[in-house]
Protein chains: 2
Amino acid sequence: MKDPAIFAVLNEIGIIEQLARNRFERAQPDGLRLPHFTVLNHLVRLGDGRTPGAIARAFQVPKAAMTNTLQRLEERGFVRLEPDPADGRAKRVMLTEAGRARREAAVALAAADLAPVAAGLGLEGLLPGLAALRVALDKARG
Amino acid sequence: MKDPAIFAVLNEIGIIEQLARNRFERAQPDGLRLPHFTVLNHLVRLGDGRTPGAIARAFQVPKAAMTNTLQRLEERGFVRLEPDPADGRAKRVMLTEAGRARREAAVALAAADLAPVAAGLGLEGLLPGLAALRVALDKARG
DNA sequence: ACAATATGGTTCAATATCGAACGATATGCA
DNA sequence: TGCATATCGTTCGATATTGAACCATATTGT
């Protein structure tokens, strides 16, 4: 009685995510956590000025968790929270120069740590399939 | 300035893991969490009678977290913790029939939920590459 | 205009997770 | 044997994460 392919794939992905998260966090000198980095990364890649709620939805994470993460990022000076001029309820998350620099540093540290491990595995070949799965899962959440 | 391939791959994997975890946990009727399931799955696939520490190391998770997870599984009657006859410090984690049944049910529920999403994506093709990455990461942890 | 409802973000209590310290038992070595 | 050290699992305090309740502001419908 064999489990379906999706199961085997997600099992591997779960293990890889766990190992990669540990490796990433250990590679950071100042206790920067993966959630913090992912938010910085998101802002760098897709642009800042987004609302906390929009970021929370993008990562499928509760609003309360994003409130916490953004407070930590603000304490560290990596983002600023400004009031939304158009909507009195909302805020806008602005990336600071320090935040952008910290994201680049994190990428460099993680890449230096992971590059030897990933060398010669032909990972580019995985990207289309992974992207297709990600899109399918993303589309399926109602 | 492009990030290396390993980065893009791990980014996709992180998103997929997040979406899949949410989907998995929402599909379970009794609040069974992914950590609980992964332990049950581990015991079913590799055999029970292991020590808590060995399981914690296998998942690269602190011992304290495993203590908690195993206590929850024991409360639910899915595992039993027996003293190790050969080592007075150690315990052995035994899978109960209810635990084995719950694992099968979880697989069935998750598969039913995920199969439509994953249909026609050719996921089998991803398995060798993912396994290679998992092995490389696993080997690289000191 | 105004009441009903929806939305954005925070606060709150409960639970999970983490690293460190701890008591108990094993092992290594003089 | 006896003492130092290592290992096993738990407990502890600090932090993260969650869903629910909450306040403030927007939007909708009449």
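Worth knowing before you read on, the calculation uses all heavy atoms, side chains too, and leaves out hydrogens, waters and symmetry mates. Each chain gets a letter, A, B and so on, in the order its sequence line appears, and its residues count up from 1.
- A salt bridge does not link B:R100 with B:E104: every distance from a Lys NZ or Arg NE/NH1/NH2 to an Asp or Glu carboxylate oxygen is 4.0 Å or more.
- Between the CG atom of A:D84 and the C1' atom of D:dA26 there is a distance of 12 Å, rounded to whole Å.
- Between B:R23 and B:D113 there is a salt bridge, since a side-chain N of the basic residue sits under 4.0 Å from a carboxylate O of the acidic one.
- Between B:T67 and D:dG9, a side-chain N or O to OP1/OP2 separation shorter than 4.0 Å is absent.
- With rounding to whole Å, A:L73 atom CG is found 15 Å from C:dG9 atom P.
- Rounded to whole Å, the distance from NZ on A:K91 to P on D:dA24 is 14 Å.
- For the pair A:L70 CG and C:dG9 P, the computed distance is 9 Å after rounding to whole Å.
- A donor-acceptor pair is defined here as one N or O able to donate and one able to accept, closer than 3.5 Å; such a pair exists between the side chain of A:E25 and the backbone of A:L34.
- As a whole-Å value, the separation of B:L34 CG from C:dT17 C1' is 15 Å.
- B:L40 is connected to B:V107 through a chain of hydrophobic side-chain contacts under 4.5 Å among Ile, Leu, Val, Met, Phe, Trp and Tyr, so both are in one cluster.
- The side chain of A:R72 approaches D:dA16 more closely than any other nucleotide in the set D:dG9, D:dA16, C:dG9.
- Across all strands shown, A:R57 has heavy atoms under 4.0 Å from sugar-phosphate atoms exclusively, and none from any base.
- The aromatic ring centroids of B:F78 and B:H36 lie 6.0 Å or more from each other.
- Whole-Å rounding puts the B:E74 CD to D:dT10 P distance at 9 Å.
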What are the atom names and distances for every N/O pair under 3.5 Å that joins the protein to nucleotides 18-26 of chain C?
residue, atom, partner, partner atom, Å
C:dA26, OP1, B:G88, N, 2.7

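- Using a 4.0 Å cut-off between charged side-chain N and carboxylate O, A:E82 and A:R92 make no salt bridge.
- Nearest-nucleotide positions on DNA chain D place B:L81 closer to the 5' end than the other of B:L81 and A:H36.
- Taking only side-chain atoms of A:P35, from C-beta outward, the nucleotide of C:dG8, D:dG9, D:dT17 with the closest atom is D:dT17.
- The pair A:R76-A:D30 counts as a salt bridge, with a side-chain nitrogen and a carboxylate oxygen less than 4.0 angstrom apart.
- In this structure, CZ of B:R50 is placed 20 Å from P of D:dT7, rounded to the nearest angstrom.
- Here the C1' atom of nucleotide D:dG9 and the CE atom of B:M66 are 12 Å apart, to the nearest Å.
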